[in-house]
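What follows is a single structure, written as structure tokens, with notes after it.
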Amino acid sequence: MASQFFSRLNMAVPPIGATLGAAWTTVRSALPDSCVNSQQDEQLHFAKFGRKPNDTELSNLQNSGTGGSLQRVDSFGDDESCGGGEFGSSRHKISEWQAGWNVTNAIQGMFVVSLPYAVLHGGYWAITAMIGVAYICCYTGKILVDCLYVTNEEGQLVRVRDTYVSIAEECFGRRVGARIVNTAQLIELLMTCILYVVLCGDLMIGTFPDGAIDTRSWMMICGILLLPCSFLKNLHHVSTLSFWCTMAHVVINVMIMGYCLLQAATWGWSQVSLRINIFTFPISLGIIVFSYTSQIFLPALEGNMSDPSKFHCMLNWSHVAAAIFKSLFGYVGFLTWQANTQEVITNNLPTQGFKGVVNFILVVKALLSYPLPYYAALDLLERAFFKGRPDTTFPRMWALDGDLKVWGLALRVALVVFTTVMAISIPHFAILMGFIGSFTGTMLSFIWPCYFHLKLKGPTLDWGTVAYDCFVIFLGVLFGVIGIYYSFRALVEAFQIGLPF
């Protein structure tokens with residue numbers, strides 16, 4: 001009887017090896033490398049994204065070369081500065097992994113140390129927002145890139161625009177659109193660069209509170225360390241720095257999460273609130289929303305990818321990973337310190353030595369995060385002022401042999417110096433950035449991508465997509481108004497207290 005029972009059990013339960021093998025195949029098919037094996041699905045998804053169910057025009061696309069990559073037609077002529085998005089020349093292509101490092105750099109930034117503080121004020125709703133906002137930002141990134149393309153009569157997807165600005169020119173008009181979006185992007189990028197310098201100074205003074213060097217002097221030292229960024233020539237180099245930035249991020253997370261897990265016996269499971277405090281929840285929401293903004297870089301990254309058909313796969317997985325990590329980090333961090341959770345989680349660390357090590361790694365991460373927005377700001381300035389006559393007022397920065405001209409290098413150095421001087425001289429800069437960024441960030445990441453999508457793709461969209469775009473625009477306006485209001489209040493209170501120096 002026993003033998004018959006086990007015989008039937010073996011027939012009913014599949015072998016464990018085969019089961020694990022099938023499970024691994026399923027998981028591997030969803031990893032970024034699966035883009036190699038499922039390009040046709042990715043291409044069809046790109047074609048049908050946000051379209052009516054019967055809109056499958058991309059199914060007629062041809063595969064080129066042995067790799068079977070998406071045949072993308074760029075209609076920009078032979079100018080080397082075109083076809084690569086905001087980051088200029090497309091001669092130096094990047095893989096989907098390198099593009100992913102840059103997106104991860106943007107959305108796994110310095111805000112991560114404030115996520116437990118967001119859970120303190122938002123409870124489980126803050127954790128839900130970390131996942132929901134990741135989905136929305138991933139969506140707006142896709143539709144923004146979708147606006148770069150049109151479908152020609154042969155069913156090919158043609159890239160007729162190469163930058164965020166070119167989309168705005170189509171929707172707002174050439175003069176107004178270019179100026180509005182260029183200004184918003186430049187403000188967002190330069191303020192991000194300045195904030196990294198400010199954070200370096202604050203972290204270093206937190207590491208050496210009794211040292212002879214003050215905060216502004218630490219900012220100057222960090223500015224000197226950032227001067228080699230002036231020599232960056234292409235996105236491949238920026239991607240390498242973004243990879244090491246991600247590695248520093250992993251080290252910090254392992255250290256802090258490891259400490260939190262060691263304190264698991266004291267976790268306050270009942271301290272996480274299910275109720276929303278209307279006065280404190282906007283603080284959590286602001287931290288979460290602005291930790292996911294990467295749309296400003298996406299046209300450039302997609303334009304510089306060696307295989308653009310893998311863009312969706314890369315964007316999906318980078319945001320999935322960010323949502324999982326941020327929600328876990330914020331939740332576990334709050335469970336550890338509960339009501340004593342500080343605005344920056346490193347201030348909760350038990351010893352000055354431990355805090356100093358983590359702060360130093362955060363400084364390294366901030367220095368490695370700086371090149372991405374700096375490089376994007378450089379390219380915006382170059383496209384606006386230095387493409388050469390008669391297109392722009394000033395001549396090109398680059399010599400015919402591909403090297404920077406001396407005065408071009410001097411301008412790049414001057415931009416690093418400018419961000420450092422602004423970090424040193426502007427009081428309460430972080431609060432000021434929150435005030436201005438509440439407008440520029442929501443416009444660039446929420447409102448404009450959906451508006452452009454409705455404007456350019458409206459006739460082909462189904463009613464569900466139109467409704468969702470309008471919903472995201474509403475959320476963008478709501479987040480922007482809330483952020484401006486609370487940042488303005490904080491700014492007024494800060495100046496009533498007095499200047500920090």
Got a sec, which residues hit salt bridge (charged side-chain N to carboxylate O under 4.0 Å, His left out) with Asp214, two or more places apart in sequence or on another chain?
-> none
Those residues that, when tested against Ser242, pass side-chain contact (heavy atoms from CB on, under 4.5 Å) (two or more places apart) = Trp101, Asn102, Asn105, Val238
May I ask you to check whether Phe297 and Tyr375 place their ring centres under 6.0 Å from each other?
-> no
What residue pairs, at least two apart or across chains, pass salt bridge (Lys or Arg N to Asp or Glu O under 4.0 Å) with a residue in residues 164-178?
-> Glu169-Arg174
With Phe471 via side-chain contact (heavy atoms from CB on, under 4.5 Å) - residues at least two apart = Tyr468, Leu475
List for me each residue that meets salt bridge (charged side-chain N to carboxylate O under 4.0 Å, His left out) alongside Arg179, sequence neighbours excluded, and say none if there are none.
-> none
Could you note down all residue pairs passing ring-ring contact (aromatic ring centres under 6.0 Å, His included) where residues 395-420 supplies at least one of them, sequence neighbours left out?
-> Phe386-Trp407
Salt bridge (charged side-chain N to carboxylate O under 4.0 Å, His left out) partners for Glu382, two or more places apart = none
Here the salt bridge (Lys or Arg N to Asp or Glu O under 4.0 Å) pairs for residues 230-240, sequence neighbours left out, are Lys233-Asp403
Between His453 and Tyr139, what is the ring plane arrangement, given parallel below 30°, perpendicular above 60°, and tilted in between?
-> perpendicular
Would you please name every residue forming a side-chain contact (heavy atoms from CB on, under 4.5 Å) with Ile447, sequence neighbours left out?
-> Met443, Ile473, Val477
What pairs of donor and acceptor atoms, side-chain ones from residues 130-138 against any protein atom, are under 3.5 angstrom apart with sequence neighbours left out?
none

Pairs meeting criterion salt bridge (Lys or Arg N to Asp or Glu O under 4.0 Å) with involvement of residues 416-427, two or more places apart = none
Shortest non-hydrogen contact from Ser166 to Arg161?
-> OG-CB, 3.2 Å
Residues in side-chain hydrogen bond (donor to acceptor under 3.5 Å, both in side chains) contact with Thr140, at least two apart in sequence or another chain | Gln295
